[in-house]
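Residue numbers begin at 1 in each chain, while the letters A, B, ... track the order of the sequences.
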Amino acid sequence: MPISQFPSEGSDFIREIIRADLAAGKHRTVITRFPPEPNGYLHIGHAKAICLNFTLAQEFGGRCHLRYDDTNPTKEEQEYIEAIERDVRWLGFDWGQHLYFASDYFEQMYQWAEQLILKGQAYVCDCTPDEVREKRGTLTEPGIPCEHRQRSVEENLNLFRRMRAGEFPDGSRVLRAKIDMASGNINMRDPVMYRILHAPHPHAGDAWCIYPMYDYAHPLEDAIEGITHSICTLEFEDHRPLYDWFIDQLELPEPHPQQIEFARLNLTYTVMSKRRLLELVQEGFVRGWDDPRMPTIAGLRRRGVPPEAIRLFAERIGVAKRNSVVDVQLFEHCVREVLNRTAPRRFAVLDPVKLVITNYPEGQVEWFSVPNNPEDPAAGQRQLPFTRELWVEREDVRAYPLPKYFRLYPGNEVRLRGAYLVTCREVLTDDTGQVVEVRGEIDPQSRGGQAPDGRRVKATLHWLAVGHGVEAEVRLYDYLFAKPDPDDVPAGRTWRDNLNPNSLTVRPHAQVEPALAQAAVGERFQFERLGYFAVDPDSTPQRPVFNRIVTLKDEWAKVAKTLTPSARS
RNA sequence: UGGGGCGUCGGCAAAUUGGUAAGCCACGGGACUUUGGAUCCCGCAUGUGCAGGUUCGAGUCCUGCCGCCCCAGCCA
């Protein structure tokens, strides 16, 4: 098979290995797998692995299996099984008929274990967990064999069968591979293959009371399914000799699956470990697994992130063996890139302040045509009403100007997008200095937003006619953590001390275009000048609720940051 | 002081396997602009952890250091 039929770009060490294997005739096809344990929700780190495995299969004309690595019933639940399928499908991948459960292979694995016992390569050990640990040695000292190591084949077989029969309590015995107690690789010091667990299994029910360990089960699962390239994360590098050992000793058919390790994803301003995410959920730091601030697939989906953006991100970060931390801004960039060309534009005023056009007749309504997406003329236009009283953004008004501030302040002229040029005449404030109303005059000659004399204004504002909008709740999200590295804490403090107290800000009285009340859950829009937003499941036609997916890039925010804090207030 | 990995721009990450350091994000500057958005230009590693060596030529090869990550679950 000519390898030239396969894409040569997207070069990374895994694709290089695959191309070489194909060229050498080791494999005729490429079969990968995504093997989650159903003990938690998938997060964006898993998404990297999912994208890698599925796109590799696509690129090389093979296939990718979805397989639950469900070998530990004490931690796994049906809820997670369902969530995982939903998430992988939502990401845009299809495993076809190839949905598997490791637990469906338990009988075969058991038979192979007996075979290993028969060959004298596995034995039943009666040591307590503590004894096993003590005899395993340390990183620098070899382990020592226990007395069970030289049991006869007959006794091992008998004991192992009785383990399966349920004759022994949890923790009383294990089946171990007989390899090398003195190996420098601790994984090879007679690793446990089976433990006794009298626990019902979410998929296998109560068929078993002994369960295989990952190290024994995984290579067999891969071999059974004909996996060619078994891709996992770096921490399994030490386990590869074991992975190969089981397959070799069992003399499973060639070609054997090959384990390849890559670096897991880390992102700034967030945590990725299942343990920590579970903690955030269980202790109420977030509202659930699908809280829009969570890096879970469910959270990103609820937030409004399009699956294309996640796939694009996975492609942009690449694949390598070096531990790294990806700047979350790269992720945001991918989200914007997708949304900029796909999201319809709308006007929404998050923190409304009334602008009165003093030279515009009361009761008059004019309709202006505004483009739905300047990036996509085919998206068409929509009509927006204009009246004497308008809502504008509080951030767009100041009683006194600031350097480089181009918006509304007395004497300054700006454009009301798609409508008129307006000059600010007066900014009314209360005794706390809070702006309560703005007054201005339009240039009647600037209908549509352009002055006949060609003069320019430096700012264009979004607006909504008072009485023609719908009130909405808008939820603004910021990073979950206040520091790029949540573990960056003084001695005695923990990552939890770095949680960002301002990760959620609610705007309960935002004004939006009326049609937005009809938008479906999950629909995405760009609120002009503000960012991209999606309809939250909490939304009702009476009270629409929007999540901010990501802000637009904001030059003014950068400028404002350079001004003194007092000047910004 | 065991074993396994990894060190290329602020962050990711390439380099036809020895042929003279891509690209993306971020950042800075400019153009354009009815979103301070988008788009477009320009800049951004005399240098690849350090020190030697081989070579006409080294990020790629050799030697020696240094640093970081992972492993002592009957978790995956």
Original post:
Taking atom types as they are modelled, is there a donor-acceptor pair under 3.5 Å from the base of G4(B) to the side chain of Asn185(A)?
Top reply: no
**OP:** For Val192(A), answer base if it contacts any base atom (sugar-phosphate contacts may also be present), sugar-phosphate if it contacts only those atoms, and nothing otherwise; contact means non-hydrogen atoms under 4.0 Å.
**Re:** sugar-phosphate
**OP:** Taking only the side-chain nitrogens and oxygens of Arg189(A), find out if one of them lies under 4.0 Å from OP1 or OP2 of G3(B).
**Re:** no
Subject >> Closest nucleotide among A72(B), C74(B), G11(B) to the Leu139(A) side chain >> reply: A72(B)
**OP:** Could you state the atom-to-atom distance from CD of Gln329(A) to P of C24(B) in whole Å?
**Re:** 17 Å
Original post:
If you look at every strand shown and take non-hydrogen atoms under 4.0 Å, does Arg136(A) touch a base, only sugar-phosphate, or nothing?
Top reply: sugar-phosphate
Original post:
Counting side-chain heavy atoms from CB outward, which of G2(B), C27(B), A38(B) is closest to Lys558(A)?
Top reply: C27(B)
Subject >> Arg415(A) CZ to U33(B) C1', straight-line distance once rounded to whole Å >> reply: 9 Å
**OP:** Keeping the roles fixed (side chain from His198(A), backbone from Phe168(A)), state whether a donor-acceptor pair exists under 3.5 Å.
**Re:** yes
**OP:** For nucleotides C9(B) and A14(B), find the distance between their C1' atoms and express it as a whole number of Å.
**Re:** 13 Å
**OP:** Take atom C1' in G47(B) and the same atom in A15(B), then report the distance between them in whole Å.
**Re:** 14 Å
Original post:
For Arg316(A) and A14(B), is the shortest distance between a side-chain N/O and OP1 or OP2 below 4.0 Å?
Top reply: no
Original post:
Is Glu528(A) touching bases, backbone alone, or none of the nucleic acid, heavy atoms closer than 4.0 Å?
Top reply: base
Subject >> Residue Asp238(A), side-chain atoms from C-beta onward, closest of C71(B), G11(B), A15(B) >> reply: C71(B)
Original post:
With a 4.0 Å cut-off on heavy atoms, is His218(A) in touch with a base, just the backbone sugar-phosphate, or nothing at all?
Top reply: nothing
Original post:
Side-chain N or O of Arg275(A) less than 4.0 angstrom from OP1 or OP2 on C75(B)?
Top reply: no
Original post:
If you look at every strand shown and take non-hydrogen atoms under 4.0 Å, does Met213(A) touch a base, only sugar-phosphate, or nothing?
Top reply: sugar-phosphate
Original post:
Taking the six-membered ring for Trp, are Phe533(A) and Phe525(A) ring centroids under 6.0 Å apart?
Top reply: no
Subject >> Phosphate OP1/OP2 of U33(B): any Thr460(A) side-chain N/O under 4.0 Å >> reply: no
Subject >> Nucleotide A13(B), atom P - distance to CG of Leu330(A) in whole Å >> reply: 11 Å
Original post:
Looking at G11(B), G37(B), C12(B), which one has an atom nearest to any side-chain atom of Asp327(A)?
Top reply: G11(B)
Original post:
Considering residues, nucleotides and ligands other than Arg264(A), do more than 12 of their heavy atoms fall under 6.0 Å from its CZ?
Top reply: no
**OP:** Could you check whether Tyr211(A) gets within reach of a base, just the sugar-phosphate, or nothing at all, counting any heavy atom under 4.0 Å?
**Re:** nothing
Original post:
Of the nucleotides C74(B), G37(B), A72(B), which one has an atom closest to the side chain of Arg195(A)?
Top reply: C74(B)
Subject >> Syn or anti conformation of U17(B), syn meaning chi within 90° of 0 >> reply: syn
Original post:
How about Tyr41(A) and Tyr80(A): are their ring centres within less than 6.0 Å of each other?
Top reply: yes
Original post:
Contact class for Cys125(A) (heavy atom, under 4.0 Å): base, sugar-phosphate, or nothing?
Top reply: nothing
Original post:
Heavy atoms under 4.0 Å, any strand shown: does Ile317(A) hit a base, just sugar-phosphate, or nothing?
Top reply: sugar-phosphate
**OP:** Look at all strands and tell whether Arg336(A) reaches a base, only sugar-phosphate, or nothing, counting heavy atoms closer than 4.0 Å.
**Re:** nothing
Original post:
Does the ring center of Phe406(A) lie less than 6.0 Å from the ring center of Trp556(A)?
Top reply: no
Original post:
Across the strands shown, which category fits Tyr405(A) at heavy-atom distances under 4.0 angstrom: base, sugar-phosphate, nothing?
Top reply: base
Original post:
Which way is the base of G73(B) turned, syn or anti, if we draw the line at 90° from 0?
Top reply: syn
Original post:
What's the verdict on side chain to side chain contact (heavy atoms under 4.5 Å, CB included) for Ile231(A) and Ile14(A), showing C-alpha distance, side-chain angles and the deciding distance?
Top reply: CA-CA 9 Å; Ile231(A) 299 165; Ile14(A) 294 179; 3.9 Å; yes
Original post:
For the ring pair Phe368(A) and Tyr420(A), is the centre-to-centre distance below 6.0 Å?
Top reply: yes
Original post:
U35(B) P sits how many Å from Asp396(A) CG, rounded?
Top reply: 14 Å
Subject >> Dot-bracket encoding per residue of RNA chain B, Watson-Crick/G-U cut-off under 3.5 Å, | denoting interstrand >> reply: .((((((..(((......[...))).(((((.......))))).....(((((..]....))))))))))).....
Subject >> From U35(B), C74(B), A38(B), nucleotide with atom closest to Arg345(A) side chain >> reply: U35(B)
Subject >> Atom pair distance, as rounded to whole Å: CD in Glu332(A) and P in G11(B) >> reply: 18 Å
Original post:
Just checking Glu261(A): base, sugar-phosphate only, or nothing, at a heavy-atom cut-off of under 4.0 Å?
Top reply: nothing
Subject >> Distance, rounded to the nearest Å, where Phe13(A) contributes CZ and C12(B) contributes P >> reply: 16 Å
Original post:
Tell me: CG of Asp12(A) to P of A22(B), nearest whole Å?
Top reply: 21 Å
Original post:
When you compare G37(B) with A21(B), how far apart are their P atoms, in angstrom units rounded to a whole number?
Top reply: 35 Å
Original post:
Hey, is the main chain of Arg164(A) close enough, under 3.5 Å, to the side chain of Trp208(A) for a donor-acceptor pair?
Top reply: no
Subject >> Greater than 12 external heavy atoms within 6.0 Å of Gln121(A)'s CD >> reply: yes
Original post:
For the side chain of His333(A), counting heavy atoms from C-beta on, which of G37(B), C24(B), C74(B) is nearest?
Top reply: C24(B)
Original post:
Within the structure shown, what part of the strands sits under 4.0 Å from Glu16(A) by heavy-atom distance: base, sugar-phosphate, or nothing?
Top reply: base
Original post:
Is the Tyr243(A)-His239(A) ring centre distance short of 6.0 angstrom?
Top reply: no
Original post:
Does the separation of the ring centres of Phe546(A) and Phe527(A) fall below 6.0 angstrom?
Top reply: yes
Subject >> Residue Glu375(A) excluded, over 12 heavy atoms near CD under 6.0 Å >> reply: yes
**OP:** May I ask you to say what Val319(A) touches in the nucleic acid, namely base, sugar-phosphate or nothing, with a heavy-atom cut-off under 4.0 Å?
**Re:** sugar-phosphate
**OP:** Remember a base hit wins even if backbone is also touched, and classify Ser324(A) as base, sugar-phosphate or nothing at under 4.0 Å, heavy atoms.
**Re:** sugar-phosphate
Subject >> Nearest-angstrom distance, P atom, A38(B) to A26(B) >> reply: 9 Å
Original post:
Is any side-chain N or O of Glu375(A) under 3.5 Å from a base N or O of U39(B), one able to act as donor and the other as acceptor?
Top reply: no
Original post:
Distance between the C1' atoms of U1(B) and U63(B), in whole angstroms?
Top reply: 23 Å
**OP:** Pick the C1' atom in C27(B) and in A45(B), then give their distance to the nearest Å.
**Re:** 15 Å
**OP:** Report the distance from atom NZ of Lys553(A) to atom P of U33(B), rounded to the nearest whole Å.
**Re:** 19 Å
Original post:
If the P atom of A22(B) is compared with that of G59(B), how far apart are they to the nearest Å?
Top reply: 13 Å
Original post:
When you check the phosphate oxygens OP1 and OP2 of A76(B), does a side-chain N or O of Thr71(A) lie under 4.0 Å from one of them?
Top reply: yes
**OP:** Classify the side chain of Arg133(A) versus the base of G73(B) as yes if they form a donor-acceptor pair under 3.5 Å and no if they do not.
**Re:** no
Subject >> P spacing across the pair U46(B) / U8(B), given as an integer number of angstrom >> reply: 15 Å
Subject >> Per Glu37(A) side chain, nearest of listed nucleotides A26(B), A76(B), C12(B) >> reply: A76(B)
